[in-house]
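Down below is the structure, laid out as structure tokens.
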Amino acid sequence: GAGVSQTPSNKVTEKGKYVELRCDPISGHTALYWYRQSLGQGPEFLIYFQGTGAADDSGLPNDRFFAVRPEGSVSTLKIQRTERGDSAVYLCASSLTAGGTDTQYFGPGTRLTVL
Amino acid sequence: ELKVEQNPLFLSMQEGKNYTIYCNYSTTSDRLYWYRQDPGKSLESLFVLLSNGAVKQEGRLMASLDTKARLSTLHITAAVHDLSATYFCAVPSLGDDKIIFGKGTRLHILP
């Protein structure tokens, strides 16, 4: 079946611009996670959703970052006034439920480059 | 605050050899995950370890979890070139389901 998909695969933008990154989880998965991965590092937790609500957004670095999941399926990560330090690969993962007993399936990521 | 440390961070080894990657974490957790990442690719789940003493094996890889020592190991037996990748362990933060990853171990297996 279809896995987690993310669009776009690559995004190049200029400093100060607004970007949206989209994640389509596996159908039926209630938990959805966003991570950021910088070169040579492990994924860094940003936010996770259980259904439509953000269960934990403590990893969002500042208020320029925001994520939504209005219908409990697709999620969008929104970054305002992008900075060069936001350049990274943004990974989305979904699992059947939260709580960690279910495997997280990762999408291919969106590589964001802020010039 | 939960911290997850892996060592070594880089490992170059010959085909046919055995080696172990270690993952230590700083606060109580009863679960641990291992992932593989190939260059330019996303993460692939290898093992989900759900209890103290859990041991799982898949091919030449075997993972174990000791929750009392806050330690997991990923053992590679008779390494082959196809196992070259970066391996991450990840631990859920107790009580909030946030998952913290280690920095990864980049494994390079020489033919």
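In the text below, chain A, chain B and the rest are named by the order of the sequence lines, each starting its count at 1. These numbers come from a predicted model, not from an experiment. Any value given below was found using the heavy atoms of this structure, including those in side chains, with hydrogens, waters and symmetry copies removed.
With contacts defined as side-chain heavy-atom distances shorter than 4.5 Å, the pair A:P43/B:F88 qualifies. Side-chain contact check for B:Y35 versus A:F106: some heavy-atom pair is nearer than 4.5 Å.
At a 4.5 Å heavy-atom cutoff, the contact between A:Q104 and chain B is made by backbone and side-chain atoms alike. Only the side chain of A:Y35 has a heavy atom closer than 4.5 Å to any heavy atom of chain B. With a 4.5 Å cut-off on non-hydrogen atoms, B:Q37 touches chain A through its side chain but not through its backbone. Heavy atoms of B:F47 lying under 4.5 Å from chain A are absent altogether.
Connection of B:F101 to B:W34 is not established within any shared hydrophobic cluster, with ILVMFWY side chains joined at heavy-atom distances below 4.5 Å, either directly or through further cluster members. Residue A:L77 is not grouped with residue A:L91 when hydrophobic side chains (ILVMFWY) are merged at heavy-atom distances under 4.5 angstrom, including chains of intermediate members.
Counting heavy-atom neighbours within 6.0 Å of B:M13 CE, excluding the residue itself, gives a total above 12. More than 12 heavy atoms of other residues, nucleotides or ligands lie within 6.0 Å of CD in B:E15, so this atom counts as buried by the packing criterion. At most 12 heavy atoms of other shown residues, nucleotides or ligands fall within 6.0 angstrom of atom OH in A:Y105. The environment of A:F66 atom CZ is sparse: at most 12 non-hydrogen atoms of other residues, nucleotides or ligands sit within 6.0 angstrom. Annotation for A:L39: atom CG does not count as buried by contact number, only 12 or fewer foreign heavy atoms lying within 6.0 Å.
Between atom NZ of residue B:K98 and atom CG of residue A:D57 there is a gap of 9.5 Å, rounded to the nearest 0.5 Å.
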Step by step, work out the side chain to side chain contact (heavy atoms under 4.5 Å, CB included) result for B:I100 and A:E44.
CA-CA 7 Å; B:I100 307 299; A:E44 172 194 14; over 6 Å; no
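A donor-acceptor pair is defined here as one N or O able to donate and one able to accept, closer than 3.5 Å; no such pair exists between the side chain of B:S42 and the backbone of A:G109.
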